[in-house]
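Here is the structure we will look at.
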Amino acid sequence: MGKRIIFHIDVNSAYLSWEAVYRLQRGESLDLRTVPSVVGGDEASRHGIVLAKSMSAKALYKIQTGESLFAVRQRAPNLIIAPPRYDLYMQCHKAMLSILEEYSPSIQIFSIDECFIDYTNMEAIWGPPLDAAHAIGKRIEKELGFTVNIGISSNKLLAKMGGDLKKPNMVHTLFPEEVRTKMWPLPVEDLYGVGRATAPKLYQMGIYTIGELANTDPELLKYKLKSYGQLIWDYANGIEESNGVKDSRPPIKGIGNSTTINFDVDNKYDAYKILLSLTEMVCMRLRQAGFCAQLVAVSIKTNEFKHYSHQKKFYTPTDHTTVIYESACRLFDESWKGEPIRHLGIRLSELCGNDFIQLSILEAHNEKKKKLDETIDNLRMKFGSKAAFRSVFLHSGIHPISGGVMEEEYQMMSSLL
DNA sequence: TCTGGGGTCCTAGGACCC
DNA sequence: TCTGGGGTCCTAGGACCC
């Protein structure tokens with residue numbers, strides 16, 4: 001097999017660029033990309049963090065994704081803050097995808113704003129890789145109004161690292177023979193896989209650049225960082241074997257929903273309501289995806305940002321809302337230590353197909369529950385999330401369904417990706 | 001009204017079995 | 001009485017990514 005050619009395509013400041021384009025199309029004269037601006041969540045409901053920032057917001061005020069809006073407003077009083085618009089992001093994602101599909105039949109969606117495409121053997125049609133990448137970038141900018149960075153290499157890791165070299169609106173190659181000059185001088189925390197916890201450990205070993213990591217004895221790294229040491233040593237050396245752009249997404253391992261509650265929960269009955277609203281969401285997604293789950297986990301984040309979780313396995317897989325809700329409540333009771341609760345989550349995993357009926361003594365009972373779940377799912381799909389909800393939520397101040405990124409209806413990013 | 005949400009993978013320790 | 005060790009499953013927690 002010959003050498004592969006992989007492109008990594010990454011939208012520059014995705015959410016912010018998409019919002020900027022949207023506003024320009026609606027006749028506004030200001031381009032958000034040209035001023036200090038961010039897309040941020042709703043502070044009133046305690047979702048106030050930076051989801052995306054403009055280049056000047058980063059350059060002038062060192063604004064980082066994930067920072068609290070409260071903190072960034074202190075430094076940047078004139079900052080423009082736009083609310084997120086996930087339906088728009090989904091449209092932009094799909095529009096970009098349809099352009100990319102023209103250039104290769106093999107595309108791997110990495111996130112809402114990142115894709116890999118396999119350009120191997122496509123040169124006969126679209127020319128040399130650099131020409132094709134520039135053509136793709138220009139087409140996206142001309143037709144969709146936003147810019148992308150494209151990284152080109154022979155594996156996904158290097159294509160991705162290459163795409164990050166200089167932004168925005170750039171094409172870079174980062175082939176193995178260029179790793180030494182283009183990637184090794186970068187700070188070690190720029191390497192994919194080196195995050196908040198690993199970087200300080202590397203500093204302690206006197207490793208500050210990707211090059212220094214690449215030239216460290218891998219045995220020493222394995223001793224200090226276990227298997228992760230080997231992984232990041234490989235990455236630093238441009239080695240990534242999992243190679244290959246996968247057009248079909250890997251199988252789903254689990255489905256979860258969680259939410260930050262707009263007040264601190266201090267009693268289990270309010271917690272139960274939140275858990276029910278999360279269960280409604282997560283179970284509907286489970287059924288839509290055609291799965292039953294055998295493992296349910298509840299996670300708790302306290303008002304002091306302490307985090308813990310508790311999980312339990314079912315004897316038989318299930319997709320029933322009430323069954324999962326009841327076990328979520330039990331898990332909550334068994335784990336909650338009584339602190340004020342900021343955030344609750346439910347995660348279902350160990351999935352199997354739901355296209356067979358689990359035989360059980362309670363067969364008839366189960367059939368009834370299944371019908372009920374189905375009926376409610378259909379009502380909500382047809383008439384919206386408010387078409388059916390449980391009476392406990394009346395006057396409770398708690399949404400009957402929660403978790404995920406919700407627009408008016410079930411327009412969930414993750415379920416569409 | 002300072003700090004989101006959805007994922008995946010790995011490790012460590014205890015239970016339990018042979 | 002003395003004293004193992006391997007393998008697997010379960011659970012909690014931590015790390016990383018976008």
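Letters go in sequence order (proteins before strands), and every chain restarts at 1. All values below were derived from every heavy atom in this structure, side-chain atoms included, with hydrogens, water molecules and symmetry-related copies excluded.
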Just checking [X]: base, sugar-phosphate only, or nothing, at a heavy-atom cut-off of under 4.0 Å?
X        : value
A/Lys160 : sugar-phosphate
A/Asn262 : nothing
A/Gly254 : sugar-phosphate
A/Glu67  : nothing
A/Leu69  : nothing

Of the listed nucleotides [options], the one nearest the side chain of [X]:
X        : options               : answer
A/Tyr308 : C/dG13, B/dT3, B/dG4  : C/dG13
A/Gln311 : C/dT11, B/dT8, C/dC17 : C/dT11
A/Lys253 : B/dT8, B/dG5, C/dC18  : B/dT8
A/Arg285 : B/dG7, B/dC9, B/dG5   : B/dG7
A/Leu295 : B/dG4, C/dC18, C/dT11 : C/dT11

A/Glu304 atom CD, over 12 foreign heavy atoms within 6.0 Å
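No, CD of A/Glu304 has 12 or fewer neighbouring heavy atoms, counting only those of other groups under 6.0 Å.
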
Tell me whether the OP1 or OP2 atom of [N] has a side-chain N or O from [X] closer than 4.0 Å.
X        : N      : result
A/Thr259 : B/dG5  : yes
A/His307 : C/dG13 : no
A/Lys313 : C/dC10 : yes
A/Arg73  : B/dC2  : no
A/Arg46  : B/dG4  : no
A/Thr260 : B/dT3  : no

Does [X] reach the main-chain N or O of [Y] with its side chain, forming a donor-acceptor pair under 3.5 Å?
X        : Y        : answer
A/Asn12  : A/Ser17  : no
A/Thr318 : A/His320 : yes
A/Arg4   : A/Asp118 : no

In residues 330-345 of chain A, what residues come within less than 4.0 Å of DNA chain C, judged by heavy atoms?
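Nucleic-acid contacts, sorted: none.
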
Using a cut-off of strictly less than 4.0 Å between a heavy atom of the residue and any atom of DNA chain C, enumerate the qualifying residues of residues 194-227 of chain A by number.
A/Val194, A/Gly195, A/Arg196, A/Ala197, A/Thr198

Gap between atoms [atom1] and [atom2], on [X] and [N] respectively (whole Å):
X        : N      : atom1 : atom2 : answer
A/Asp190 : C/dC18 : CG    : P     : 11 Å
A/Ile112 : B/dG6  : CD1   : P     : 14 Å
A/Leu278 : B/dG4  : CG    : C1'   : 13 Å
A/Tyr89  : B/dG5  : OH    : C1'   : 14 Å
A/Ile49  : B/dG4  : CD1   : P     : 6 Å
A/Leu157 : C/dC16 : CG    : P     : 16 Å
A/Ile261 : B/dG5  : CD1   : C1'   : 13 Å
A/His8   : C/dC17 : NE2   : P     : 13 Å

Between A/Glu67 and A/Lys53, does any NZ, NE, NH1 or NH2 come within less than 4.0 Å of an OD or OE carboxylate oxygen?
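Answer for the salt bridge query: no.
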
Applying the 3.5 Å cut-off to both distances, the Watson-Crick or G-U partner of C/dC18 turns out to be B/dG5

Closest heavy-atom contact between [X] and [Y]?
X        : Y        : value
A/Pro218 : A/Gln230 : CB-OE1, 4.3 Å
A/Cys283 : A/Thr321 : CB-OG1, 3.6 Å
A/Leu16  : A/Ser37  : CD1-OG, 3.3 Å

For [X] and [Y], does a side-chain donor sit closer than 3.5 Å to a side-chain acceptor?
X        : Y        : result
A/Glu240 : A/Tyr192 : no
A/Lys156 : A/Gln108 : yes
A/Tyr223 : A/Asp217 : no

Hey, what's the ring geometry for A/Tyr272 with A/Tyr325, parallel, tilted or perpendicular (30° and 60° as the breaks)?
perpendicular

Would you sort out whether A/Ile112 and A/Tyr15 count as a side chain to side chain contact (heavy atoms under 4.5 Å, CB included), showing the intermediate values?
CA-CA 10 Å; A/Ile112 194 160; A/Tyr15 289 3; 3.9 Å; yes

Between A/Gly66 and A/Glu43, the residue closer to the 5' end of DNA chain B by nearest nucleotide is A/Glu43

With the side chain counted from C-beta on, respond yes when A/Met161 and A/Val179 share a heavy-atom pair under 4.5 Å apart, and no when they do not.
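No, every pair of side-chain atoms sits at 4.5 Å or beyond.
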
So which of residues 296-305 of chain A are in contact with DNA chain B, with a heavy-atom cut-off of under 4.0 Å?
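Within residues 296-305 of chain A, the residues near DNA chain B are A/Lys301, A/Phe305.
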
